[in-house]
Visitor: 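Pasting a structure below so you can have a look.
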Amino acid sequence: MQGLFLVVVVSMTILAVLSKYDLNEFIRELRTAETGWFIPGVVLVVLFICSESLILHILMKGLGVVHKGLHCILYSFIGFFFSCITPSAGGGQPMQVYFMRKDKISASKSVPILILVTIMYKAVLLIYAFGVLILGPKEVLDALSPVKWWCFLGFFMNALVIFFYILLILRPDFVKSMLLRLLRMLKAFMKENKYVPLQLKIENWIQQYRETSECVKTKTGLVIPVLLISIVQRTILFSITYLVLCAFGYTSLNYFVVIILQAMICMGTDLLPLPGGTGASDLMFYMIYEPILGESGAFPVLLVSRGIAYYGQIIISAVMTGIAALKVKRKER
């Protein structure tokens, strides 16, 4: 069902794009591009995914979780594949937990670690946003003016998610009492056979975090290196658009401006219930770059950069996820 949903959304996006743009013109533009720039873009996709495996290895080692270092690479590919094909990237971490459990890593240890990864992953977007607010570069602010409300909404939603996750790690009992209080408020609208199981589920869910939460509090030194790697990781992905711009001859654009614009696009669509922000990301991209590149320039850059950064990511991750699934089946036999 999720795969069908992805196909429908992607098909609608492609049809919407092609309805406004001549496919023959795109092919002509593509022939003029220096396609040698696309190869480093694919390499950056692999580096982007593998950067998370380094983060997982550092966190697991720092928190005393017994693991196989090379398997962290597979966890990363699995996570990104299912994140790409599910709304709001909701399927990535549950599948990582599933495969980690096959390696004898319990959910009570893997889930808090993955939450830490999520906190750092989203915190990078807020860091870029704060940079825009503090420095206020005119070139960036002018480019973002058509989508500023999406950026504000994305900033608020990401900050809210990070705040909740930090509470979950540092104050699990507080989160438990808050959720149970909310559940009691909704009790009048629920059947008894639904209320009790949900109450037990919340209590068991929070219980999983207590042990690892205490461990995380004593390992605050892990935060800085993980955050720095996360910044590099996301910057690697944002750099793909700059390479595509260079391929089409737009070498005069400032690298750092392009990186910041990509970060704002990602922040504005990060929590939308669409696989990879499909449609919304494309629209934001076009609204930002059309005034800069013109219609004839914005569409080719959009199609190629999304093709490498998103669809390339799906293809590469799908292959590695298939390998991981075969390894699990072989192990079970």
Side-chain angles (χ1 to χ4, degrees), residues 49-80 82-83 86 88-127 157-180 182-183 198-231 233-234 270-271 324:
I49 297 172
C50 290
S51 296
E52 183 179 286
S53 64
L54 178 59
I55 294 172
L56 288 174
H57 174 69
I58 290 172
L59 288 174
M60 287 183 180
K61 185 177 180 181
L63 297 175
V65 178
V66 179
H67 67 289
K68 297 177 181 179
L70 290 177
H71 280 205
C72 289
I73 298 175
L74 291 178
Y75 302 150
S76 298
F77 280 105
I78 290 164
F80 280 108
F82 286 99
S83 293
T86 52
S88 301
Q93 291 192 342
M95 292 306 299
Q96 285 178 311
V97 171
Y98 170 80
F99 277 90
M100 287 180 185
R101 191 176 295 161
K102 296 294 182 179
D103 281 340
K104 310 301 181 184
I105 299 174
S106 65
S108 63
K109 294 180 179 179
S110 62
V111 172
I113 287 172
L114 292 173
I115 285 180
L116 282 174
V117 172
T118 300
I119 290 173
M120 297 303 171
Y121 195 72
K122 294 183 179 299
V124 174
L125 299 179
L126 299 189
I127 290 171
M157 294 299 293
N158 277 282
L160 195 64
V161 169
I162 289 175
F163 177 71
F164 177 78
Y165 278 155
I166 290 175
L167 274 182
L168 192 56
I169 289 291
L170 300 181
R171 299 288 300 276
D173 289 325
F174 174 77
V175 175
K176 174 185 173 182
S177 63
M178 184 173 63
L179 291 176
L180 290 177
L182 178 63
L183 185 63
L198 189 55
Q199 183 182 25
L200 292 173
K201 189 174 182 178
I202 290 173
E203 291 175 349
N204 292 334
W205 182 56
I206 296 298
Q207 182 62 35
Q208 291 182 345
Y209 290 89
R210 285 199 177 93
E211 182 181 345
T212 307
S213 172
E214 292 302 318
C215 189
V216 168
K217 291 176 186 177
T218 63
K219 301 287 185 178
T220 53
L222 294 173
V223 172
I224 298 301
V226 168
L227 180 60
L228 291 175
I229 296 171
S230 297
I231 292 172
Q233 178 194 21
R234 301 219 79 168
D270 192 43
L271 293 173

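Computed from a predicted structure; not experimentally measured.
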Visitor: Do other residues, nucleotides or ligands put more than 12 heavy atoms under 6.0 Å from the CG atom of Leu70?
Guide: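 Result for CG/Leu70: open.
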Visitor: For a 4.5 angstrom cut-off between non-hydrogen side-chain atoms, does Arg101 reach Val97?
Guide: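 In contact.
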Visitor: Can you tell me if Gln96 uses its side chain to pair, donor with acceptor, with the backbone of Tyr75 under 3.5 Å?
Guide: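 Side chain of Gln96 to backbone of Tyr75, a donor-acceptor pair under 3.5 Å: yes, one is there.
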Visitor: For residues 59-68, run the donor-acceptor check on the side chains, cut-off 3.5 Å, and write out each pair with its distance to 0.1 Å, sequence neighbours left out.
Guide:
residue : atom : partner : partner atom : Å
His67   : ND1  : Val65   : O            : 2.9
His67   : NE2  : His57   : ND1          : 2.9

Visitor: Could you tell me if Gln93 and Thr118 have a donor-acceptor pair between their side chains, going purely by distance under 3.5 Å?
Guide: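 Yes, Gln93 and Thr118 have a side-chain donor paired with an acceptor closer than 3.5 Å.
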Visitor: Please name the residue in the list Val226, Val117, Ile73 that meets the side-chain contact (heavy atoms from CB on, under 4.5 Å) test with Leu56.
Guide: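 That would be Val117; it is the only one of Val226, Val117, Ile73 passing the side-chain contact (heavy atoms from CB on, under 4.5 Å) with Leu56.
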Visitor: Can you list everything that forms a side-chain contact (heavy atoms from CB on, under 4.5 Å) with Ser51? Sequence neighbours excluded, please.
Guide: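 side-chain contact (heavy atoms from CB on, under 4.5 Å) check on Ser51 returns Gln233, Ile236.
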Visitor: Roughly how far, to the nearest 0.5 Å, is CD1 of Ile78 from CE of Met100?
Guide: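 Those atoms lie 8.5 Å apart.
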Visitor: By side chain to side chain donor-acceptor pair (under 3.5 Å), which residues pair with Ser177, not counting sequence neighbours?
Guide: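 With neighbours one apart ignored, the set is empty.
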Visitor: Hey, could you give me the CD1/CD1 distance between Ile115 and Ile162, rounded to the nearest 0.5 Å?
Guide: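 The distance works out to 12.5 Å.
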Visitor: How would you list, by chain and number, every residue that makes a side chain to side chain donor-acceptor pair (under 3.5 Å) with Tyr121, sequence neighbours excluded?
Guide: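 Side chain to side chain donor-acceptor pair (under 3.5 Å) list for Tyr121, sorted by chain: Arg234.
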Visitor: Do Met120 and Val223 have side chains that approach each other closer than 4.5 Å (heavy atoms only, starting at C-beta)?
Guide: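 With C-beta onward as the side chain, the pair touches.
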Visitor: Going by the rule side-chain contact (heavy atoms from CB on, under 4.5 Å), which residues pair with Leu179 if we only count those two or more places apart in sequence or in a different chain?
Guide: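 Listed in chain order: Val175, Ile202, Trp205.
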Visitor: Once side-chain contact (heavy atoms from CB on, under 4.5 Å) is applied, do any residues pair with Ile231, and if so which ones, sequence neighbours excluded?
Guide: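 Here the qualifying residues are Val124, Ile127, Leu227, Thr235.
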Visitor: Which value, rounded to the nearest 0.5 Å, describes the distance between Cys50 atom SG and Ile55 atom CD1?
Guide: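 If we round to the nearest 0.5 Å, Cys50:SG and Ile55:CD1 are 11.5 Å apart.
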Visitor: Do you know which two heavy atoms are closest between Ser83 and Gly92, and how far apart they sit?
Guide: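 Looks like OG-CA, 3.4 Å.
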Visitor: Between atom CD1 of Ile119 and atom CZ of Phe164, what is the distance when rounded to the nearest 0.5 Å?
Guide: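 Atom-to-atom, Ile119:CD1 and Phe164:CZ are 10.5 Å apart.
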Visitor: Indicate yes or no: at least one non-hydrogen side-chain atom of Ile58 is less than 4.5 angstrom from one of Ile229.
Guide: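 When only atoms from C-beta onward are counted, Ile229 and Ile58 do touch, with a gap below 4.5 Å.
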Visitor: May I ask you to test the Ile105-Ile113 pair for a side-chain heavy-atom distance under 4.5 Å?
Guide: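 They are not in contact (no side-chain heavy atoms under 4.5 Å apart), so the answer is no.
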Visitor: Can you find a heavy atom in the side chain of His71 that is under 4.5 Å from one in the side chain of Phe99?
Guide: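 The answer is no, as the side chains (C-beta and beyond) never meet within the 4.5 Å cut-off.
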Visitor: Do the non-hydrogen side-chain atoms of Ser53 and Phe77 ever get within less than 4.5 Å of each other?
Guide: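 Sidechains of Phe77 and Ser53: no contact.
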